Number of protein chains: 2
Amino acid sequence: MKIGQATIKDIARELNVSSSTVSRALKDYPGISDETKRKVKELAAKLNYRPNAIALSLRKSRSFTIGVIIPEVVHFFFSTVISGIEEVAYSRGYNVILTQTNEKFDRERSSIETMLSNQIDGFLVSYSKETKEFDHFSNLLEQGYPIVFFDRVPDIPKAINVMVDDYRGAYDAVSHLIRQGYRRIIHLAGPKNLTISKERIRGYKDAMNDHGMQVDDSLIVECPKGTDDESRKITAEILRNSAQKPDAFFGNNDMAAVGAMMACRDAGLKVPEDVGVVGFSNWQFCSMIDPSLSSVAQPGFQMGAKATEILLDIIEKKLDPDQIHEPITLPTELLVRKSSVRTKN
Amino acid sequence: MKIGQATIKDIARELNVSSSTVSRALKDYPGISDETKRKVKELAAKLNYRPNAIALSLRKSRSFTIGVIIPEVVHFFFSTVISGIEEVAYSRGYNVILTQTNEKFDRERSSIETMLSNQIDGFLVSYSKETKEFDHFSNLLEQGYPIVFFDRVPDIPKAINVMVDDYRGAYDAVSHLIRQGYRRIIHLAGPKNLTISKERIRGYKDAMNDHGMQVDDSLIVECPKGTDDESRKITAEILRNSAQKPDAFFGNNDMAAVGAMMACRDAGLKVPEDVGVVGFSNWQFCSMIDPSLSSVAQPGFQMGAKATEILLDIIEKKLDPDQIHEPITLPTELLVRKSSVRTKN
DNA sequence: AACGAAAACGCAAACGATTGCATCAAATTT
DNA sequence: AAATTTGATGCAATCGTTTGCGTTTTCGTT
């Protein structure tokens with residue numbers, strides 16, 4: 001039982017030919033006799049030969065591996081994106097190496113370093129909430145290193161961004177609430193340094209304005225963590241202290257929306273009769289809770305798939321990154337469920 | 001602007017020394033003058049030198065990378081496990097390369113092949129539902145290749161298994177239902193080739209028997225897919241056709257439990273008054289739905305962390321795999337919520 | 001019979017880093 | 001002053017694979 005894998009050299013030695021011949025025989029290069037090819041392939045199969053991808057990477061300066069940097073794995077939307085990434089990468093013969101930053105800037109930076117050491121062919125990035133400057137990305141982009149950002153995308157030169165239409169999603173959700181007769185609509189917003197938060201706020205504002213409602217800045221409340229507990233507390237506070245009680249909540253994400261629903265229930269308010277609620281992301285549980293939660297669906301799988309396709313096309317020179325100037329935007333879809341439908345007909 | 005990364009050779013050339021000297025200087029080997037060390041390190045910093053991990057891997061036959069093979073990423077429990085894996089791997093300086101099988105046997109096999117090509121230092125595996133024979137693992141284990149299985153673990157020689165106490169979890173859940181006065185308890189079981197399913201069935205049976213209730217095989221219904229839709233249909237069917245109506249459901253997972261709850265509601269039955277429900281896994285949504293779902297919590301993060309620690313200890317020879325004969329079992333915890341509490345005091 | 005061409009294969013360098021061993025100079029000892 | 005030690009560095013092989021170019025052998029052609 002030989003320890004370690006059989007190599008080309010082992011085959012060469014056994015067959016009394018050179019490594020070059022074995023290499024070429026295995027790849028059906030011209031200039032090798034059929035007889036030799038047969039013998040080489042037979043022995044390779046017998047020895048269970050597996051090409052050493054590391055050696056190949058060294059030779060070609062290509063690892064056929066892409067690095068994914070994501071804030072957290074335990075997150076419905078992100079895990080869906082990962083799934084899309086993995087599918088496309090697998091089907092095109094690439095490996096995926098994954099790291100989560102836990103929303104930490106330092107970890108984002110150090111992960112990039114290790115991945116660079118590992119000769120990654122390109123990056124897929126959604127940056128952390130702590131990240132406020134982007135030199136660590138800009139430098140790489142300047143050098144022509146392939147990076148595609150998704151969901152949380154930076155506003156820096158040469159960045160290729162894949163995102164969902166957050167503006168439209170928010171606009172649709174709020175318009176829907178207004179049409180249902182809700183008037184004083186609170187937006188439980190996300191961290192303001194994230195583009196997605198800004199876009200959703202913009203969609204909220206425009207929807208309000210377009211329907212002749214004025215936007216009071218006190219209506220936009222930041223929920224930085226985005227957990228249900230946080231939003232439950234914040235919402236409870238609002239319900240207790242506001243002069244004019246709100247009658248609807250549009251959450252920056254589903255957890256925030258659920259927190260608001262809970263706080264309403266705690267306060268004796270009924271959803272959707274007294275208060276309307278709409279979330280964002282369409283997590284699995286939206287249809288399982290009671291009342292079911294209306295939400296803006298983000299195509300996470302498609303986003304991961306699309307971002308990966310673009311990245312691999314760039315890596316394989318099928319696409320020139322300098323030709324892409326606009327962000328790639330995927331459509332959102334408002335899924336209306338019970339939590340926001342007042343009229344019972 | 002030189003394309004590509006600076007290498008040791010670049011530094012050597014510029015400083016008129018040999019690569020060996022540079023290599024040793026960077027690692028503070030004895031026998032290099034302080035002066036040279038200083039110059040080398042300075043230039044390295046200036047050129048933004050990053051060691052080429054691929055070259056290192058080739059030399060040392062070690063990649064500092066572990067491969068994770070998992071049925072699906074978009075899954076609360078598995079994503080939690082991944083998180084645990086990633087944390088430990090990161091803190092110990094290893095990369096994680098991830099692949100999902102989508103429950104396909106062929107994909108499991110081919111993923112293993114590519115990872116082996118990539119000179120992975122070891123595997124972390126939870127096998128697919130389709131997997132019914134384990135030669136592709138056995139062969140590797142025989143060769144002394146480090147593999148640690150988690151959650152879905154095989155019953156084969158030399159396998160190191162990390163699992164939760166499925167038996168105990170199921171036993172506790174069912175005992176709880178019985179104590180709450182439920183009598184005709186249906187188990188919505190998982191695929192029977194998975195050890196976890198078997199263990200949960202065993203826990204269910206023992207709990208029933210220990211409480212003097214006889215187990216009718218018709219009470220154990222397989223839900224192979226484990227989705228809420230599937231279980232909703234199956235449960236509806238049961239409620240329609242059974243001579244004796246069931247008054248409780250113990251789900252192999254939370255989705256199945258939710259499906260059962262929905263079917264009960266559809267049939268005009270109240271949870272928990274008429275029917276008790278307990279799930280398994282304690283997904284995030286358990287506390288968000290109404291009534292909140294009792295569930296058996298599995299320590300996913302700890303499982304990932306533990307499995308990774310063991311794997312890395314084996315890789316680094318701190319642990320002898322032949323010394324481990326028993327599976328490592330992590331405790332489950334029954335979280336009682338409203339869906340299974342009949343008495344209102 | 002002689003020549004040229006094609007067929008089949010080998011040599012050796014390269015990818016980037018590590019490391020046992022040799023080398024060479026300077027410093028120290030005798 | 002000669003011998004020996006010490007300190008600082010270089011050489012070259014190695015990991016497994018690829019590939020440009022050179023070499024050898026085998027034919028076929030005239």
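Residue numbering restarts at 1 for every chain, and letters A, B, ... go by the order of the sequence lines. Given the structure is predicted, the values throughout are model-derived calculations rather than measurements.
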Gap between atom OG of B:Ser138 and atom CD of B:Gln143 - 0.5 Å precision: 11.5 Å
Is [X] reaching over with its side chain to a backbone N or O of [Y], donor-acceptor style, under 3.5 angstrom?
| X | Y | value |
| --- | --- | --- |
| A:Asn161 | A:Val153 | no |
| B:Gln100 | B:Glu72 | no |
| B:Glu316 | B:Lys318 | no |

Taking [atom1] from [X] and [atom2] from [N], how many angstroms apart are they, rounded to a whole number?
| X | N | atom1 | atom2 | answer |
| --- | --- | --- | --- | --- |
| A:Asn52 | C:dC15 | CG | C1' | 13 Å |
| A:Ile32 | D:dT19 | CD1 | P | 13 Å |
| B:Asn118 | D:dG16 | CG | P | 15 Å |
| A:Gln5 | D:dG16 | CD | P | 10 Å |
| A:Ile11 | C:dG10 | CD1 | P | 14 Å |
| A:Asp28 | D:dT18 | CG | C1' | 16 Å |
| A:Asp34 | C:dC9 | CG | C1' | 15 Å |
| B:Lys9 | C:dA14 | NZ | P | 7 Å |

Residue B:Glu133 excluded, over 12 heavy atoms near CD under 6.0 Å: yes
Atom CZ of A:Arg92: over 12 foreign heavy atoms under 6.0 Å: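 More than 12 heavy atoms, drawn from other residues, nucleotides or ligands, come within 6.0 Å of this atom.
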Below 3.5 Å is the cut-off: list the nitrogen or oxygen pairs between protein and nucleotides 18-20 of chain C, distance only.
{"unit_1": "C:dT18", "atom_1": "OP1", "unit_2": "B:Lys27", "atom_2": "NZ", "d": "3.2"}
{"unit_1": "C:dT18", "atom_1": "OP2", "unit_2": "B:Ser23", "atom_2": "OG", "d": "2.7"}
{"unit_1": "C:dT18", "atom_1": "O4'", "unit_2": "B:Arg59", "atom_2": "NH1", "d": "3.4"}
{"unit_1": "C:dT18", "atom_1": "O2", "unit_2": "B:Arg59", "atom_2": "NH1", "d": "2.8"}
{"unit_1": "C:dT18", "atom_1": "O2", "unit_2": "B:Arg59", "atom_2": "NH2", "d": "3.4"}
{"unit_1": "C:dT19", "atom_1": "OP2", "unit_2": "B:Tyr29", "atom_2": "OH", "d": "3.0"}
{"unit_1": "C:dT19", "atom_1": "O4", "unit_2": "B:Ser20", "atom_2": "OG", "d": "3.4"}
{"unit_1": "C:dG20", "atom_1": "O6", "unit_2": "B:Arg24", "atom_2": "NH1", "d": "3.4"}
{"unit_1": "C:dG20", "atom_1": "O6", "unit_2": "B:Arg24", "atom_2": "NH2", "d": "3.2"}

B:Pro146: partners by side-chain contact (heavy atoms from CB on, under 4.5 Å), with sequence neighbours left out: B:Leu311, B:Ile314, B:Ile315
For [N], does either OP1 or OP2 sit under 4.0 Å from a side-chain N or O belonging to [X]?
| X | N | answer |
| --- | --- | --- |
| B:Lys37 | D:dA8 | no |
| B:Ser18 | D:dG10 | yes |
| B:Ser33 | D:dG7 | no |

Touch class at under 4.0 angstrom, heavy-atom based, for B:Ser57 against every strand present: nothing
Touch class at under 4.0 angstrom, heavy-atom based, for B:Val17 against every strand present: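 Contact class for B:Val17: sugar-phosphate only.
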Difference in axis direction between the ends of the helix from C:dA1-D:dT30 to C:dT30-D:dA1, five pairs, 10°: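 Axis-to-axis angle, ends of the helix: 70°.
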Nearest-nucleotide 5' precedence on DNA chain D, B:Asn16 against B:Ala55: B:Asn16
Aromatic ring pairing A:Tyr145/A:Phe123, orientation class (parallel under 30°, perpendicular over 60°, tilted between):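 Because their plane-to-plane angle lies in the 30° to 60° range, the rings of A:Tyr145 and A:Phe123 count as tilted.
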Charged tip of B:Arg152 within 45° of B:Phe150 ring normal and under 6.0 Å: no
